[in-house]
There are 2 protein chains.
Amino acid sequence: MNKLIETLKENDCKVTLQRIAIYETLKDTKTHPNAETIYKQLSPKYPTISLATVYKSLELFVSLGLIQAINVEENSFRYDGNSKPHPHLICSNCKKVEDLDEHPFSDLGQQVEALSGYQIEKQQLNFYGYCPDCIQKS
Amino acid sequence: MNKLIETLKENDCKVTLQRIAIYETLKDTKTHPNAETIYKQLSPKYPTISLATVYKSLELFVSLGLIQAINVEENSFRYDGNSKPHPHLICSNCKKVEDLDEHPFSDLGQQVEALSGYQIEKQQLNFYGYCPDCIQKS
DNA sequence: ATCCGTGCAAATTATTTGCATATGG
DNA sequence: CCATATGCAAATAATTTGCACGGAT
């Protein structure tokens, strides 16, 4: 939370109730919600918040490097309160998106730079398959 | 092209001019176009083709494993005539999407399976940065 | 007091769907 | 023939935008 407030101030952005609530919602979950889901979660507590504000705030947070947007094979973006790049696991059955925290892939970007001549700024590693829960149930 | 015709027949789908043209357009390019772009490219030659048909055909090809859909940080899907998984390089400046053909990442899926307990079916490796051309120009 | 952020509604963009017609096997 | 595919238009879904008002600094 301090991180948010600090970063907003450093960038001459106002610290508003809405921004705090949206950021907090995202930090409190590991479900990688999309904008609509965050909005619905906030609505009961903040009935006047608007979906447009959710979109605008998320976009701001992404641009400030506070969170990351992730593209899984869905029609909407999902958001991750952890801005550090890390692989995501997507269950094709239950559609959950999990983080893979312990992973040996941190130097992939450098390998790709050497192979391609690109200057890599960001990587997105998505692994689609079936989660242990869904495997067991089937 | 034979691959397309064979696969369509094996799956009791009709071999139509539209499907051939759409598949061919995708196979002939390395630009990873989206549906709209494919449609515009076909329009001069096939003025009656419809965007809906392009969408439907692409969806069919993906489900038959003939091509792959890729999500880069854009609002539309792009398509790749090569259905084998391979990393993509996305230039944040000129927005081009390239394949990384020679890469040592083919066993990443197995590593992820071991780490996570997921059964991995598909992986998507996207590297965002600046391409050699754009680096030179800047 | 000033300017930025919010909320609302309308606009835009991508994609999907329903259905009548056309066409491949 | 007959089922499937096409083309059109309308519907849906996600996101963005414009603008007047309100609130933070």
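Since this is a predicted model, take the numbers as computed values, not measurements. Residue numbering restarts at 1 for every chain, and letters A, B, ... go by the order of the sequence lines.
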How do B:E59 and A:L60 order along DNA chain C: which one's closest nucleotide is nearer the 5' end? A:L60
Short heteroatom pairs, N/O only, protein and nucleotides 8-13 of chain C, under 3.5 Å:
none

What nitrogen or oxygen pairs link the protein and nucleotides 1-3 of chain C at under 3.5 Å?
| unit_1 | atom_1 | unit_2 | atom_2 | d |
| --- | --- | --- | --- | --- |
| C:dC3 | O2 | A:K14 | NZ | 3.3 |

Take atom CG of B:L8 and atom C1' of C:dG24, then tell me their distance rounded to the nearest Å. 12 Å
Are B:Q18 and C:dT23 close enough that a side-chain N or O sits under 4.0 Å from OP1 or OP2? no
Look at atom CD of A:E59 and say whether more than 12 heavy atoms of other residues, nucleotides or ligands are closer to it than 6.0 Å. no
Could you verify whether a donor N or O on one side chain and an acceptor N or O on the other, from A:Y46 and A:Q18, lie under 3.5 Å apart? no
Under 30°, 30 to 60°, or over 60°: which ring-plane class applies to B:F127 and B:F105, parallel, tilted or perpendicular? tilted
Just N and O in the side chain of B:R19: are any of them under 4.0 Å from OP1 or OP2 of C:dG24? no
When the ring planes of A:H88 and A:H86 are compared, do they come out parallel, tilted or perpendicular, using 30° and 60° as the limits? perpendicular
From the set D:dT25, D:dT6, C:dG5, return the single nucleotide nearest to any side-chain atom of B:S57. D:dT6
More than 12 non-hydrogen atoms from neighbouring residues, nucleotides or ligands closer than 6.0 Å to CD on B:E74, yes or no? yes
Greater than 12 external heavy atoms within 6.0 Å of A:K40's NZ: no
Could you pull out all donor-acceptor pairs under 3.5 Å where a side-chain atom in residues 7-17 of chain A meets a protein atom, sequence neighbours excluded?
| unit_1 | atom_1 | unit_2 | atom_2 | d |
| --- | --- | --- | --- | --- |
| A:T7 | OG1 | A:K3 | O | 2.6 |
| A:N11 | ND2 | A:T7 | O | 2.7 |
| A:T16 | OG1 | A:R19 | N | 3.2 |

note: A:Y39, atom OH; D:dA14, atom C1'; distance rounded to Å ~ 14 Å
Does a nitrogen or oxygen in the side chain of B:T16 sit under 4.0 Å from OP1 or OP2 of D:dT6? yes
Using only side-chain N and O atoms of B:Y55, determine if any of them is under 4.0 Å from OP1 or OP2 of C:dT15. yes
Spell out, as yes or no, whether a donor-acceptor pair under 3.5 Å connects the side chain of B:Q119 to the backbone of B:E113. no
